Chemist: 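Take a look at this one; I'll ask things after.
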Amino acid sequence: MPEYVDMSGRTRRTSDETTRALLRGMGFDAPTGDAARASLDELAREERETILEPVRVVERDSPGATRVRVRLPPRVSAADLELTLTEERGHVWQVRAKDASRASTLLLPTRPPYGYHRLVVRVRSGVREWAAEQSLIVVPASCVGADQILGKGKKAMGMVANLYSVRREHDWGIGDLETLMQLVEWAGKRGAAFVGINPLHATFNRDGHVSPYGPISRLFRNPIYLDVERVPGFDAARRPDVSVLHSAPYIDYDGVIDAKEKALRELHVAFRGHAASDSREYEDFVRRRDPELTWFATWMTIAEYAREPDWRRWPVAMRTPDSEAVVAFQRSHAERIDFHRWLQYEMHRQLGDVAHRARVLGMRIGVYQDLAIGSGGGGSDAWCSPALFVSDVSVGAPPDPYSATGQNWGFPPLNPRALRAQGYRYWIQLLRCAFENAGALRIDHILGLFRLFWIPAGMSGKDGAYVRYPAGDLLGILALESVRHDALVVGEDLGTVPAEVPRALKKWGILSSKVLLFERDARTNGFKQARRYPALALATADTHDMAPLAGFWVERDIELREQAGLVPSPAELRQEKSRRRKDKAALLRLTNLQPPASHEEARFPRKLAGAVHDFLDVTPSYLVGLSFDDLIGEVDPVNVPGVTQDTYPSWRRRTRRTMEEVSWSFEVDDTIRCENRRANG
C-alpha cells in the first residue's frame, strides 16, 4: 500500500526503499523504474495468457456461482470450448460452446453445492488444443451465527484459560489435556457454554522456543500437552518422579518435554504392536494429513538431532524436504519420524475425548481454540513450503504511542500471490486443523486477513508498510469451514482497524473482540457503558498480554514494565501511575463499587472481578469470556510483551491454586456471577 494512517492520525507514506525491499521479498526484482515496468509487463502478459483463473472463491447464492469466464489464448479469436465440473463428492457435469469469442462466459448446468470443486476447460481451435484448470470454492454467505449455536436471542458465558499455566494435582509440570478435561467439567457444571484456551500449535519446547504465539507450525499441535497417563498402555506403577516439575512456580519446558517423551517413546513401541484396528485408524489419520504430517515429523527429527530449530542453519543438503539427503535421513530414522506422527495422532484422540465430554455436559460451544497469526521462518511450515513465506521480511506493527519504532514480531508473512497460486491449500489446512474438535475459533489479529504490516530485514517498524491480502477469498473459505464444523468464529480486532474491517466481520458473521480495559469513552475518557457494546462480540475484561484484574489493581504490570526497562524515566513512571489512578477510579464508577478501606485491600481484587463480571453479563454481546486468572485472583501476567525470556519468564508462570482447590472454592464460584448467561447450571 502506498500509505497508511497510524494511531495518531498521521499519514505515513511508503518509501521507495521499502517498496523495493518488499517487492524483492515477493519475487520481483525492481531496483530501477525500467525493471519495475518490465515486471509489470510480465504480469500483464501472464494475465493475457491465463485461460482460467487457477482459483475462484464464490458465494453459492451469487450469480457468479453458475458462471465461468474463459479467456482464449492470445491470437485466437474463436474456438470451441468444453467445460467439465467435477464436484467434491464426485458428480460430473459438462457444458460445451461452439465458436466462443475472445472472452466468453459459460453457464454451468447446475448450481454447485458448498465445497471444493474442480473445473477443467479444453479450448480447441483448428488442430490446436489448450487445457486449463480451476479450483472452484463455493462458500456460504457467512460463518455459523451465534443464534444457530446458542438459540435465537440467547447469550452465553464461558471461561478463558492459558492452559499451560493451569495447575492440577499429579500433573507433570504443565497444564495438559487432562487439565483441560477438568476445566471443561468444572466450567460446564457452572453454566459455561465454552472453555477457551491458548493456541496448541507445535513449538520446539526447548532452549526458550516456547511461545504459543510463535510456533514452528500452525498445522500441527504441541505434544507437551498430552496427558501421558491417558495414553493406552500406560502403567501407573512406572510413573516417573516429576514432583520437582510439578511444584515449580514456572514451567521447565525442557524438563517437562524430556520426561514426557521418555515415557511416550515406550508407549509408542507398545502401540506398534497393537491390534490391527488401532493401526488402521492411525494409518487413516496419517493418510488424511500427508505429506505435510510426515514432513513435520521429519523436521522435528532433524531439529532434534541437529539441536537446531531453524532449518536455515542446517546443512544445505537438508534444507528442502524432498532432497536426496532428507530422503536418506527419513529411511535411517523411520521409527523416530513415526513417533512424531503418532504424537499428533494421540493429541487428536485426547482432544476428541475432551470435545465429547463437553457435548455430554450440554455445553453449547465446548472447546474454543485459538489460531495464531503466524509461524517462525525457521520452522516446519516454512521448510515444507518455502515459496509461501517471504524471506528477509518480518511481520509487525507500525509505530504507536507505546512504541515509537513499532513492533517486529519476528516471523515471516505469507506471500499473498503464492497463497492464491496454490489454491489456498495452506489456509484450508490451517482452518481444518484449528476447527477440529472445536466449537469456536478465535483468530488472532484478524486484520491480517485484510492487510499485514511488513518490515524489511534491517529496518525498523518506522520503515514498514502494509501489504494487502485477498480478504474476500480468505473469509469465504473461513465461512465454509465454519459451517462444515458447526463452529463460531471470533476475530481479534483490537487496536486501530480500517473502516472496511468491521463491515466485513459483520457481513461474514464473525464476532468482534471487546476488552473492557480497552473500551474507552472518548467524551469522558472513562470506560464505555454496557449498552454501547455490540451484540456480535466476545466481551472480556483483559487479554493474555495484560495483567489479570488483581494485578491491574495493585499495579503489578507497571512494576514489571519498570523492572524490564520499558518505563525508562521517573517522569514516565509518574505519568503511568497517574493514568492508572484515573483508570481505577473510572472502573469503580463503572462497577458501582466504593474504594476499598485499608482492611479490605487484600480481598478487594476478588470483589472487583465479581463486579466486572456482573458488568459484562449485562452487555448485549453474545459471548462473555471470564478469565480463569481473574477468577482465582492471579496477580502476575503470563506475558510481558516486548521483553525477552531472561527479563521476564513469559509463557511460564503457573497458577498458585490447583484445579482441585478451585473446584470446591465458594469464593471462586461467587466471583463467576453472570447469572443471566448460565446455560447449563
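What's counted below: heavy atoms across the whole structure, side chains too, no hydrogens, waters or symmetry copies. Residue numbers count from 1 along this sequence. Owing to the predicted nature of the structure, the values given are computational and were not obtained by experimental measurement.
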Chemist: Strictly below 4.0 Å, N to O, side chains only: are Glu555 and Arg580 in salt-bridge contact?
Modeler: no

Chemist: Take atom CG of Asp258 as the centre, draw a 6.0 Å sphere, and report whether it contains more than 12 heavy atoms from other residues, nucleotides or ligands.
Modeler: yes

Chemist: Could you pull out the closest heavy-atom pair between Leu180 and Leu163, with the gap in Å?
Modeler: N-CD1, 3.8 Å

Chemist: Taking atom types as modelled, find out whether Ser375 and Arg218 have a side-chain donor-acceptor pair closer than 3.5 angstrom.
Modeler: no

Chemist: Going from CG on Leu538 to CD1 on Ile510, what distance comes out if it is rounded to the nearest 0.5 angstrom?
Modeler: 13.5 Å

Chemist: Do Asp493 and Leu447 come close enough that some side-chain heavy atom pair is under 4.5 Å?
Modeler: no

Chemist: Can you find a pair of side-chain heavy atoms, one from Val195 and one from Val367, that are under 4.5 Å apart?
Modeler: no

Chemist: May I have the step-by-step check of ring-ring contact (aromatic ring centres under 6.0 Å, His included) for Tyr253 and Phe204, ending in yes or no?
Modeler: CA-CA 9 Å; Tyr253 280 89; Phe204 194 56; over 10 Å; no

Chemist: Whether the side chain of Arg654 engages the backbone of Val166 through a donor-acceptor N/O pair (distance < 3.5 Å, no angle test) should be reported.
Modeler: yes

Chemist: Is it the case that the side chain of His613 and the backbone of Ala609 share a donor-acceptor pair, with hydrogens and angles ignored and the cut-off at 3.5 Å?
Modeler: yes

Chemist: Indicate yes or no for a side-chain donor-acceptor contact from Ser513 to the backbone of Gly491 under 3.5 Å, with no hydrogens or angles considered.
Modeler: yes

Chemist: At what distance, to the nearest 0.5 angstrom, does NE2 of His246 lie from OG1 of Thr658?
Modeler: 7.5 Å

Chemist: Using a strict threshold of under 4.0 Å (side-chain N to carboxylate O), is an ion pair present between Asp310 and Arg313?
Modeler: yes

Chemist: Does a donor on one side chain and an acceptor on the other come within less than 3.5 Å for Ser569 and Glu572?
Modeler: yes

Chemist: Closest heavy-atom contact between Val624 and Leu626?
Modeler: CG1-CD2, 3.6 Å

Chemist: Salt-bridged, Asp670 to Lys607, with N to O below 4.0 Å?
Modeler: no

Chemist: Search all heavy atoms of Glu178 against all heavy atoms of Asp227 and return the closest pair with its distance.
Modeler: CB-OD2, 3.2 Å

Chemist: Taking atom types as modelled and ignoring hydrogens, do the side chains of Asp16 and Thr19 form a donor-acceptor contact shorter than 3.5 angstrom?
Modeler: no

Chemist: With a 4.0 Å cut-off, would you call Glu667 and Arg603 a salt bridge?
Modeler: yes

Chemist: Please table the atom pairs, donor to acceptor, closer than 3.5 Å between any side-chain atom in residues 638-646 and protein atoms at least two apart or in another chain.
Modeler:
from	atom 1	to	atom 2	distance (Å)
Asn639	OD1	Ser650	OG	3.0
Asn639	ND2	Asp545	OD1	2.6
Thr644	OG1	Asp646	OD1	2.2
Thr644	OG1	Thr647	OG1	3.4
Gln645	OE1	Arg652	NE	2.8
Gln645	NE2	Ser650	O	2.9

Chemist: Hey, is Asp254 close enough to Arg206 for a salt bridge, meaning N to O under 4.0 Å?
Modeler: no

Chemist: Do Asp463 and Thr18 have side-chain N/O donor and acceptor atoms under 3.5 Å apart?
Modeler: no

Chemist: So do the side chains of Arg312 and Ser391 get within less than 4.5 Å of each other, counting heavy atoms only?
Modeler: no

Chemist: Do side-chain atoms of Arg168 reach the backbone of Gly175 as a donor and acceptor pair under 3.5 angstrom?
Modeler: no

Chemist: Can we call the ring centroids of Phe615 and Phe527 under 6.0 Å apart?
Modeler: no

Chemist: Would you say Glu304 and His340 are linked by a side-chain donor-acceptor pair, where the criterion is simply a distance under 3.5 Å?
Modeler: yes

Chemist: Using the benzene-type ring in the case of Trp, are the ring centres of Tyr213 and Trp409 under 6.0 Å apart?
Modeler: no

Chemist: Over all heavy atoms of both residues, which pair between Trp427 and Leu474 is shortest? Give the atoms and the distance, please.
Modeler: NE1-O, 3.0 Å

Chemist: Is the closest side-chain heavy-atom distance between Trp299 and Ile216 below 4.5 Å?
Modeler: yes

Chemist: Mind checking whether Pro398 and Tyr466 have side chains closer than 4.5 Å, heavy atoms only?
Modeler: yes

Chemist: For Leu587, does its backbone N or O pair with a side-chain atom of Thr591 as donor and acceptor, under 3.5 Å?
Modeler: yes

Chemist: Mark yes or no for whether Asp241, through its side chain, and Ser243, through its backbone, hold a donor-acceptor pair below 3.5 Å.
Modeler: yes

Chemist: Between Glu562 and Glu559 (side chain of the first, backbone of the second, donor and acceptor by atom type, cut-off under 3.5 Å), is there such a pair?
Modeler: no

Chemist: Say you draw a straight line from CD1 of Ile373 to CD1 of Ile443; how long is it, rounded to the nearest 0.5 Å?
Modeler: 9.0 Å

Chemist: For a 4.5 angstrom cut-off between non-hydrogen side-chain atoms, does Leu494 reach Thr543?
Modeler: yes

Chemist: Find out whether Asn198 and Arg442 are in side-chain contact, i.e. whether some heavy atom of one side chain is under 4.5 Å from a heavy atom of the other.
Modeler: no

Chemist: When you compare the side chain of Phe389 with that of Pro413, does any pair of heavy atoms fall below 4.5 Å?
Modeler: no

Chemist: Just how far is it from atom OG1 of Thr301 to atom CZ of Phe296, taken to the nearest 0.5 Å?
Modeler: 9.0 Å

Chemist: Okay, side chain of Lys462, backbone of Gly406: is any donor-acceptor separation there less than 3.5 Å?
Modeler: no

Chemist: If you draw a 6.0 Å radius around CD in Glu169, do more than 12 non-hydrogen atoms from other residues or ligands fall strictly inside?
Modeler: yes

Chemist: Can a donor-acceptor pair be found, under 3.5 Å and without considering hydrogens, that links the side chain of Tyr368 to the backbone of Val160?
Modeler: no

Chemist: For Arg561, is there an ion pair with Glu576 - N to carboxylate O distance below 4.0 angstrom?
Modeler: yes

Chemist: Looking only at heavy atoms, what is the nearest atom pair of Pro416 and Val467, with distance?
Modeler: CG-CG1, 4.3 Å

Chemist: So, the side chain of Arg13 versus the backbone of Tyr4: is there a donor-acceptor pair under 3.5 Å, distance only?
Modeler: no

Chemist: Counting only heavy atoms not in Glu600, do more than 12 sit closer than 6.0 Å to its CD atom?
Modeler: yes

Chemist: For Arg656, I'd like to know if atom CZ has over 12 heavy atoms of other residues, nucleotides or ligands within 6.0 Å.
Modeler: yes

Chemist: Under 4.0 Å between a side-chain nitrogen and a carboxylate oxygen: does that hold for Asp583 and Arg520?
Modeler: yes

Chemist: Can you tell me how far CG of Asn408 sits from CD1 of Ile455, rounded to the nearest 0.5 angstrom?
Modeler: 4.5 Å

Chemist: What about the rings of Trp186 and Phe628, do their centers lie closer together than 6.0 Å?
Modeler: yes

Chemist: Salt bridge check: are Arg606 and Asp630 linked by an N-O gap of less than 4.0 Å?
Modeler: no

Chemist: I'd like to know if Asp521 and Lys528 make a salt bridge, using a cut-off of under 4.0 Å between side-chain N and carboxylate O.
Modeler: no

Chemist: Salt-bridge test for Asp614 and Arg673: reply yes if a basic N is under 4.0 Å from a carboxylate O, no otherwise.
Modeler: yes

Chemist: Is the ring pair Phe604/Trp553 parallel, tilted or perpendicular, if the boundaries are 30 and 60 degrees?
Modeler: tilted

Chemist: About how many Å separate OG1 of Thr671 and CD1 of Ile632, when rounded to the nearest 0.5 Å?
Modeler: 10.5 Å

